[in-house]
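Given the structure is predicted, the values throughout are model-derived calculations rather than measurements. Only heavy atoms go into these numbers, but all of them, side chains included; no hydrogens, no water, no symmetry mates.
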Amino acid sequence: MEAVIKHDLPDRFGSMLVKEMRQNMRRGSFVIPFLSVHALAVAAVVMEFQTGAQERYSDWVGMLNLNVLINSGPLWIVIALIAAVIMPLGGLVLMGQELEEGNHELLLLTKLSRWKVVRGKFFSLWSLSVLTLFSLLPYVMVRYQIGGVELIRDLACALSVLGLSAIVCAGAIGASSFKGLGARMGAMLLFLASAAGSGAVAIAACGAQTEGAGIFWHLNAFATVACFTMMGLGLARSRLRLVVHAYEVKPSFMVVGLLFFAPFVVGMTTAMTAGFAGLVGLIGMGLVSIYADVTPKAPAWVKAPGANTPGAPPVPTDPTAVPSTAAVPGTPAPVVAVNPPLPSSDPGDFATSEPDKAPNGLSDSARP
């Protein structure tokens, strides 16, 4: 039992994820809202029992259909507000703590990369939303006592909450890397507008072609979640750059530009694929947001050049070897200065080339 308490989260999950999860679980700001969510869920279930809410089957029941999510009763509205809006927006302070205090420089001095830092923060924040959602699923099952509740609709609502939570978490982490409340709110609004516009174009066009929420509908929905999760984390990673070279465009500007042009690119790919495969543009924009912040590096087999010092003799491999005095073609021969030994300051030391003499002028053989 003691080992379980001591090692509550295994280190194989990643050092950054374990750090964030341990901090979040021990904060009082997590326990009180968690209990409040359950109180709101109980009130929503009681309201549905009193009103006798009835749900009807629809061909448009699918992932990321906000109309279905809103019209599925008070309980799903409460779950969506808590797990997909309020809790993910808490990520607006995550990156600011690292950047303003300079902790990111210490983190990057370790084996952690920029991608591991933002990925650990994302999974720690998103896992709290997922945990909250799964803790509220028993209330969803209780609703079946009133009848008229469909499993497919509830499954679509659960997937919608998970997808929206991932998008908002990534956007909040990316926006939190900016300084100032105004910059963070502006970045968050741009991110949400880009996600809403791109997702609506791809999903609505596909639904119009298939006349319902079919396979292509859900493929486009999953692509929307994946694309803007990568773009949000890419924005946060670009702000962790310690050095931006003179020949490089600032990476955060590139990601912001991708957010601005994403709806247009997705609209073009949707039109070119007759409304079915807007996911091609979504996946492409997500990959571009990741590789837009990659600094060019030399291959691993290229060795670093040596020091280019004119006229310098080669460094001997043997520390006892005497430097070579041979002239290098095209360069003057190095002059090796041989310094004579300095006379000793000790009056008792005498040259060994002559017979040792005593201070009175007698040799050692003449001494008694």
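- The CG atom of L128 sits 12.0 Å away from the CH2 atom of W126 when rounded to the nearest 0.5 Å.
- The nearest pair of heavy atoms linking K179 to R239 is N-NH2, 4.4 Å.
- Under the 4.5 Å side-chain heavy-atom criterion for Ile, Leu, Val, Met, Phe, Trp and Tyr, L133 and V130 are members of the same hydrophobic cluster.
- Checking side-chain atoms of N65 against main-chain N and O of V61 turns up no donor-acceptor pair under 3.5 Å.
- The backbone N or O of K121 sits less than 3.5 Å from a side-chain atom of S124, completing a donor-acceptor pair.
- Taking every heavy atom of both residues into account, R153 and V68 meet most closely at NH1-CG1, 3.5 Å.
- Evaluation of the side-chain contact (heavy atoms from CB on, under 4.5 Å) rule for F253 yields K250 as partners, not counting sequence neighbours.
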Could you pull out all donor-acceptor pairs under 3.5 Å where a side-chain atom in residues 158-172 meets a protein atom, sequence neighbours excluded?
from : atom 1 : to   : atom 2 : distance (Å)
S160 : OG     : L64  : N      : 2.8
S160 : OG     : A156 : O      : 2.8
S165 : OG     : A83  : O      : 3.2
S165 : OG     : S129 : OG     : 3.4

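- To the nearest 0.5 Å, atom CZ of residue F216 and atom OG1 of residue T210 are 9.0 Å apart.
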Using residues 188-202 as the side-chain source, report each donor-acceptor pair under 3.5 Å to any protein atom, sequence neighbours left out, with the distance given to one decimal.
from : atom 1 : to   : atom 2 : distance (Å)
S194 : OG     : L259 : O      : 2.7
S198 : OG     : S194 : O      : 2.9

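- Note: the hydrophobic cluster containing I215 does not contain F222 (ILVMFWY, side chain heavy atoms under 4.5 Å, direct or indirect links).
- Using a 4.5 Å cut-off between side-chain heavy atoms of Ile, Leu, Val, Met, Phe, Trp and Tyr, M185 falls into a hydrophobic cluster with L181.
- G214 and H218 make their closest contact through O-ND1, 2.8 Å (heavy atoms, listed as atom of the first residue, atom of the second, distance).
- Follow the hydrophobic side-chain contacts under 4.5 Å out from W217 and you never reach L219; the two are in separate clusters.
- Among all heavy-atom pairs drawn from M95 and L240, the shortest one is CE-CD2, 3.6 Å.
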- Item | Evaluation steps, side chain to side chain contact (heavy atoms under 4.5 Å, CB included), between V140 and I79 | CA-CA 10 Å; V140 178; I79 295 175; 4.1 Å; yes
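- Here CD1 of I82 is found 12.5 Å from CD1 of I77. Values are rounded to the nearest 0.5 Å.
- Residues I290 and R237 are in side-chain contact: their nearest non-hydrogen atoms beyond the backbone lie under 4.5 Å apart.
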Listing, residues 269-288 side-chain donor-acceptor contacts under 3.5 Å, not counting sequence neighbours, or none:
from : atom 1 : to   : atom 2 : distance (Å)
T269 : OG1    : V265 : O      : 3.2
T269 : OG1    : V266 : O      : 2.9
T270 : OG1    : V266 : O      : 2.7
T273 : OG1    : T269 : O      : 2.8
T273 : OG1    : T270 : O      : 3.3
T273 : OG1    : A277 : N      : 3.1

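- Residues that satisfy the side-chain contact (heavy atoms from CB on, under 4.5 Å) test with Y139, not counting sequence neighbours, are H38, A41, V42, V45, L75, L136.
- Rounding to the nearest 0.5 Å places OG of S238 at 11.0 Å from CG of L233.
- Remark: T224 OG1 to M63 CE distance equals 8.5 Å, nearest 0.5 Å.
- Taking all atoms of both residues into account, the shortest heavy-atom contact from L125 to G91 is CD2-CA, 3.6 Å.
- Side-chain heavy-atom separations under 4.5 angstrom define the hydrophobic clusters, and the remaining members of the one that includes F260 are F261, F264.
- For the pair R184 and L92, the tightest heavy-atom approach, listed with the atom from each and the gap, is NH1-O, 3.2 Å.
- To the nearest 0.5 Å, atom OG of residue S127 and atom CZ of residue F122 are 9.5 Å apart.
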